[in-house]
Amino acid sequence: MMKKLRPSRRDYLTKNSADPMLMTVRRIRRSVGCLLVAVSVLFVALNLELFTPASIANIRSSLQAASLVSAGDTTVISYPSGSNKCSMPFGNGLAICADNSLNFELPSKYSQMEMALTYANPVMRASNQYLLVFDRNAYRFTVTNTLSELYSQTMTSPILNADISTDGSVAIVTDEAGYKSAVTVYNIDNEQLYKWSSPDYYIMSAVLSADGQRLALFCFKQDGLTLTSQLFFTDINSTESPENGVDMDSNLVLGMKFLGNNTVCAVCDNATYVISRSGQIRYQREYSPDDLIAFDLAEDCIALATEAYSQNSRAEIVLINARGTASRNPLSLPTEPDSISYCDGRLAVLTGDTVSFYSKSLREIDQQTNLAGVSRIYMRSGGTAIALFNSQARVLSIGNPLKDLHTGND
């Protein structure tokens, strides 16, 4: 019987063999080994934030939370102790800014992230992966994901408004010294991409397109008693000042968002508009300031609730898309809604202690009652909503359709 070769002897023969097959295998093994090392080094270099002590601790707590979740409490999101100043859905849970901290809370009473944050007037803006928190009329803003802080920055002038895009770019509007106002755009690496300081216009709102490449600015200036409002479009890589704005009829903007990458919806005190980058007004609806009840700006659509003056209706809701097409038949309501929210083809309407869900064609598909103490509703992707209460939030799932059984796919 042939004596079994020791591993070291076998390796020696393999490395020094003249057999073409063994030589090919040896080269393949060496190449694969080098490739694995290179990929590992590149992954670590591109994801250093995942290996900080805070991130590792957050990942560990999330894994522990996932392993301990019980079926009985997965609909409840608890608030941290202290005075909660603002909150909004983010990721699979709720981002909450309390007295001295920013928390990301998941259902089942587990906190995925907690970081110190002492903002007097915090305001949140969120995209799919990133959260922006800024201190209005103060100087700092912070960008995070669901695990940890990505970066914070202190501006040299007070922050008036801000926005964040899907790619993590942020637009920061400031009350710039020596100018009326200014807007600065940073990417996710905290690198400045764009800045415009305006000597003539006050910038009320600045919003970024989803890809972070375009900027829309709602501005106004005052000449004596005359107020002039303009909507400007510009590219982030542009070196020229915005010009040739769209006349907004002396309106003041209440909310604004890109619907896609080329169309903006602006909700104003006297009218709502959908405007393309070329300056074409695709939709315009006028109303008195007292008639605007509520609105919600989503990625591809806006839900708009206004007063209705008919015998059987006190309010009506329309959905308006990026093409400027509004609902064929508005949703008529016997009472004014307390909160509305739209996401991924589903509309949630809160009235009293009842939340009603509607399809994109505004047909009712579900209703949940006896939600005593609910103050606001947020629709989320995947067919769920978050209802806010005083001391906790609750995840609501859309049940079996009630009135949409015989329609097509909405």
Side-chain angles (χ1 to χ4, degrees), residues 43 46-52 54-59 61-62 77 85-98 101-106 111-117 119 122-136 139-155 159-174 183-194 205-216 236 255-261 264 296-300 341 343-344 378-382 386:
F43 175 80
L46 294 177
N47 297 274
L48 287 177
E49 69 274 7
L50 296 178
F51 299 96
T52 63
S55 294
I56 293 173
N58 283 325
I59 293 173
S61 64
S62 298
I77 301 175
K85 297 181 178 179
C86 63
S87 60
M88 71 180 307
F90 181 51
N92 295 320
L94 194 68
I96 303 169
C97 198
S101 66
L102 173 65
N103 295 67
F104 176 51
E105 303 292 334
L106 293 172
S111 179
Q112 181 165 309
M113 179 184 70
E114 181 176 355
M115 56 175 286
L117 195 70
Y119 286 0
V123 180
M124 293 184 182
R125 302 280 190 262
S127 64
N128 292 337
Q129 303 179 59
Y130 304 104
L131 178 72
L132 166 68
V133 187
F134 66 94
D135 200 0
R136 177 165 280 164
Y139 298 85
R140 287 190 63 79
F141 71 89
T142 299
V143 178
T144 79
N145 55 25
T146 58
L147 294 175
S148 63
E149 175 185 327
L150 299 179
Y151 70 88
S152 291
Q153 183 163 319
T154 301
M155 304 296 288
I159 301 173
L160 304 176
N161 212 334
D163 186 46
I164 188 166
S165 69
T166 301
D167 72 347
S169 299
V170 297
I172 308 295
V173 179
T174 52
V183 58
T184 310
V185 178
Y186 301 91
N187 65 15
I188 192 60
D189 297 318
N190 197 19
E191 299 169 336
Q192 181 175 313
L193 303 179
Y194 176 88
S205 181
V207 294
L208 289 159
S209 59
D211 60 9
Q213 298 302 307
R214 298 173 180 86
L215 185 67
I236 297 304
M256 189 165 71
K257 191 176 184 66
F258 266 93
L259 305 180
N261 290 318
V264 161
D296 187 41
L297 292 159
E299 295 293 337
D300 61 340
S341 182
C343 183
D344 285 353
Y378 288 101
M379 195 70 215
R380 304 193 303 175
S381 59
I386 291 184

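All figures in this text were calculated on a predicted structure; none of them were measured in a lab.
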- Who pairs with Ala171 by side-chain contact (heavy atoms from CB on, under 4.5 Å), at least two apart in sequence or on another chain? Val183, Val185, Ala206, Leu208, Leu215
- Message: Holding to side-chain hydrogen bond (donor to acceptor under 3.5 Å, both in side chains), I want the full list of residues that pass it with Thr144, two or more places apart in sequence or in another chain.
- Response: none
- Grab the two heavy atoms, one from Phe134 and one from Leu160, that are nearest each other, plus how far apart they are. CE1-O, 4.3 Å
- Note on the structure: For Asp344, the side-chain contact (heavy atoms from CB on, under 4.5 Å) test, sequence neighbours excluded, returns Ser381
- Only counting residues at least two apart or in another chain, list the ones meeting side-chain contact (heavy atoms from CB on, under 4.5 Å) with Asp167. Ser165, Ser169
- Message: Tell me the closest heavy-atom pair linking Met113 and Asn145, and the distance in Å.
- Response: SD-O, 3.7 Å
- Donor-acceptor contact below 3.5 Å, side chain Gln112 vs main chain Leu106: no
- Task: Mind listing the closest non-hydrogen atom pair of Tyr151 and Val170 along with its distance?
- Result: OH-CG2, 3.7 Å
- Query: Minimum heavy-atom separation for Leu297 to Lys257, with atom names?
  - Reply: O-CD, 3.6 Å
- Message: Please check: side-chain N/O of Ser209 versus main-chain N/O of Arg214, any donor-acceptor pairing under 3.5 Å?
- Response: yes
- Message: Does any part of the side chain of Ile159, heavy atoms only, come nearer than 4.5 Å to the side chain of Arg140, both counted from C-beta?
- Response: no
- Within the side chain of Asn187, is there an N or O that forms a donor-acceptor pair under 3.5 Å with the backbone of Asp189? yes
- Task: Mind listing the closest non-hydrogen atom pair of Ala162 and Leu132 along with its distance?
- Result: CB-CD2, 3.7 Å
- Distance-only, no hydrogens or angles: does the Asn261 side chain make a donor-acceptor pair with backbone N or O of Asp211 under 3.5 Å? yes
May I have the list of side-chain donor-acceptor pairs in residues 85-97 shorter than 3.5 Å, sequence neighbours left out?
unit_1	atom_1	unit_2	atom_2	d
Lys85	NZ	Tyr119	O	3.2

- Item | Non-neighbouring partners of Gln153 that pass side-chain hydrogen bond (donor to acceptor under 3.5 Å, both in side chains), sequence neighbours left out | Tyr186, Asn190
